[in-house]
Enquirer: 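Have a look at this one before I ask anything.
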Amino acid sequence: MSFKTPIVRTVDDLRAVVHQWRQEGLKVALVPTMGALHKGHLSLVDFARNHADRVVVSIFVNPKQFGPNEDLDKYPRQEEADINALSSIKTDLAFCPTVDEMYPKGFTTNITLTSMTTVLCGANRPGHFDGVATVVTKLLLQCLPDVAVFGEKDYQQLQVIKRFVSDLDIPVSILGAPLIRDGDGLATSSRNVYLTEEERSIAQYIPKILQDMAKKAHQGQNLESLMEDGAIDLIEAGFDSVDYLEFREASTLLTSQTVTNETRLFVAAKIGKTRLIDNIPVA
Ligand code: AMP
């Protein structure tokens with residue numbers, strides 16, 4: 001019979017399974033997701049397996065990280081398909097809590113960072129990273145894995161998580177896994193399902209324009225004018241708006257004055273209502 005990934009929905013049930021694994025001396029990895037799983041998420045499971053004996057994937061669309069005018073209600077939810085995908089790569093456990101299990105009546109705690117969260121995705125999404133930090137803190141404490149894996153697709157999120165996990169002495173190693181792309185270079189994302197065929201063909205210009213900018217930056221062209229020209233290129237390609245297109249330093253997220261080994265190029269741009277993000281190293 002083919003393998004089916006078991007599902008737990010409560011913190012008690014999650015802890016019971018992880019406790020049993022610990023008794024057996026096994027190393028545990030957690031891969032937090034919001035579901036609508038694609039090959040990017042599945043690559044994190046593979047990555048996690050190289051660092052642990054058992055892999056837990058959490059699936060939870062976290063209301064606290066969505067703003068009032070964002071796509072919380074519309075966000076794709078497809079648990080059965082997700083469990084089938086996880087089963088196909090023999091994921092050991094899925095943790096699928098309800099909103100009430102995560103945030104029971106009376107919940108009042110918020111994790112707030114005092115830097116790194118007001119730039120890039122934080123600039124236009126106030127409270128977004130507090131919501132991410134709060135849910136990830138809970139997930140880490142609920143599961144207490146040895147390692148937790150996050151994708152470089154959400155590079156700022158990865159740096160924010162590394163920061164608060166270190167600041168709060170949470171005893172979990174945070175690992176970043178490579179960004180996975182479709183054949184035409186577009187970063188795979190749960191939000192790509194929102195794109196019409198025409199929008200999908202516009203979306204592929206993000207990686208092309210980023211690559212072109214990174215190449216020119218590496219050759220020594222002025223970063224300011226590259227950012228201005230790149231934003232114009234995105235609009236000319238068919239994007240409706242550019243939230244940001246910026247060269248920043250990888251671990252601090254501070255603005256890059258010149259190209260260093262740490263320089264990355266970050267973008268968020270909208271086609272219609274769909275907001276896409278991407279980032280690449282420059283060096
Ligand atoms: P999400 O379900 O969008 O919250 O993403 C869950 C995790 O999967 C996060 O750590 C993301 O960075 C990661 N992820 C999403 N898309 C990709 C991708 N294309 N490549 C690598 N990791 C990804």
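Indexing begins at 1, ligand by ligand and atom by atom, following the structure's order. Worth saying up front: this structure is predicted, and the values here are computed from it rather than measured.
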Enquirer: Can you report which non-hydrogen protein atom sits closest to atom 11 (C) of ligand 1, along with the distance?
Expert: D154 OD2, 3.0 Å

Enquirer: Which ligand 1 atoms does L179 reach within 4.0 Å, using its non-hydrogen atoms?
Expert: 20 (N), 21 (C)

Enquirer: Within the 3.5 Å criterion, strictly below it, is a donor on T137 or T134 matched to an acceptor on the partner's side chain?
Expert: no

Enquirer: Around atom 4 (O) of ligand 1, find the nearest protein heavy atom and jot down its residue, atom name and distance.
Expert: M34 CG, 3.6 Å

Enquirer: Are any of the N/O atoms on S43, whether in the backbone or the side chain, positioned under 3.5 angstrom from an N/O atom of ligand 1?
Expert: no

Enquirer: In this structure, which one of N261, T255, T260 forms a side-chain contact (heavy atoms from CB on, under 4.5 Å) with E249?
Expert: T260

Enquirer: Measure from atom 21 (C) of ligand 1 to every heavy atom in P76, A177, P178 and give the option owning the shortest one.
Expert: P178

Enquirer: Below 4.0 angstrom from a heavy atom of H38, which ligand 1 atoms are there? Numbered from 1 as shown, please.
Expert: 15 (C), 16 (N), 17 (C)

Enquirer: Which atoms of ligand 1 are found less than 4.0 Å from any heavy atom of F150?
Expert: 10 (O)

Enquirer: What are the two closest non-hydrogen atoms of L139 and L30, and how far apart are they?
Expert: O-CD2, 3.8 Å

Enquirer: For atom 22 (N) of ligand 1, what is the nearest protein heavy atom, given as residue, atom name and distance?
Expert: G151 CA, 3.5 Å

Enquirer: Determine whether the side chains of Y103 and N62 contain a donor N or O and an acceptor N or O closer than 3.5 Å.
Expert: yes

Enquirer: Find out whether Q142 and F95 are in side-chain contact, i.e. whether some heavy atom of one side chain is under 4.5 Å from a heavy atom of the other.
Expert: yes

Enquirer: Is the shortest distance from a Lys or Arg side-chain nitrogen in D71 or R191 to a carboxylate oxygen in the other one below 4.0 Å?
Expert: yes

Enquirer: Are L42 and F150 linked, directly or through intermediate hydrophobic residues, by side-chain heavy-atom contacts shorter than 4.5 Å (ILVMFWY only)?
Expert: no

Enquirer: Suppose we measure from atom 20 (N) of ligand 1 to each protein heavy atom; which comes out shortest, and what is that distance?
Expert: I180 N, 2.8 Å

Enquirer: Could you go step by step and tell me if L186 and R200 meet the side-chain contact (heavy atoms from CB on, under 4.5 Å) rule?
Expert: CA-CA 9 Å; L186 180 67; R200 179 66 185 72; 3.4 Å; yes

Enquirer: In ligand 1, which numbered atoms sit nearer than 4.0 Å to a non-hydrogen atom of P32?
Expert: 6 (C), 7 (C)

Enquirer: Could you give me the CA-CA distance, side-chain angles and deciding distance for H41 and T33, then say whether side-chain hydrogen bond (donor to acceptor under 3.5 Å, both in side chains) is met?
Expert: CA-CA 8 Å; H41 295 113; T33 79; 5.2 Å; no

Enquirer: What residue and heavy atom of the protein are closest to atom 17 (C) of ligand 1, and at what distance?
Expert: K153 CB, 3.5 Å

Enquirer: Looking at atom 13 (C) of ligand 1, what's its closest protein heavy atom, distance included?
Expert: L44 CD1, 3.5 Å

Enquirer: Just to confirm my output: which protein heavy-atom neighbour is closest to atom 1 (P) of ligand 1, and how far is it?
Expert: H41 NE2, 3.6 Å

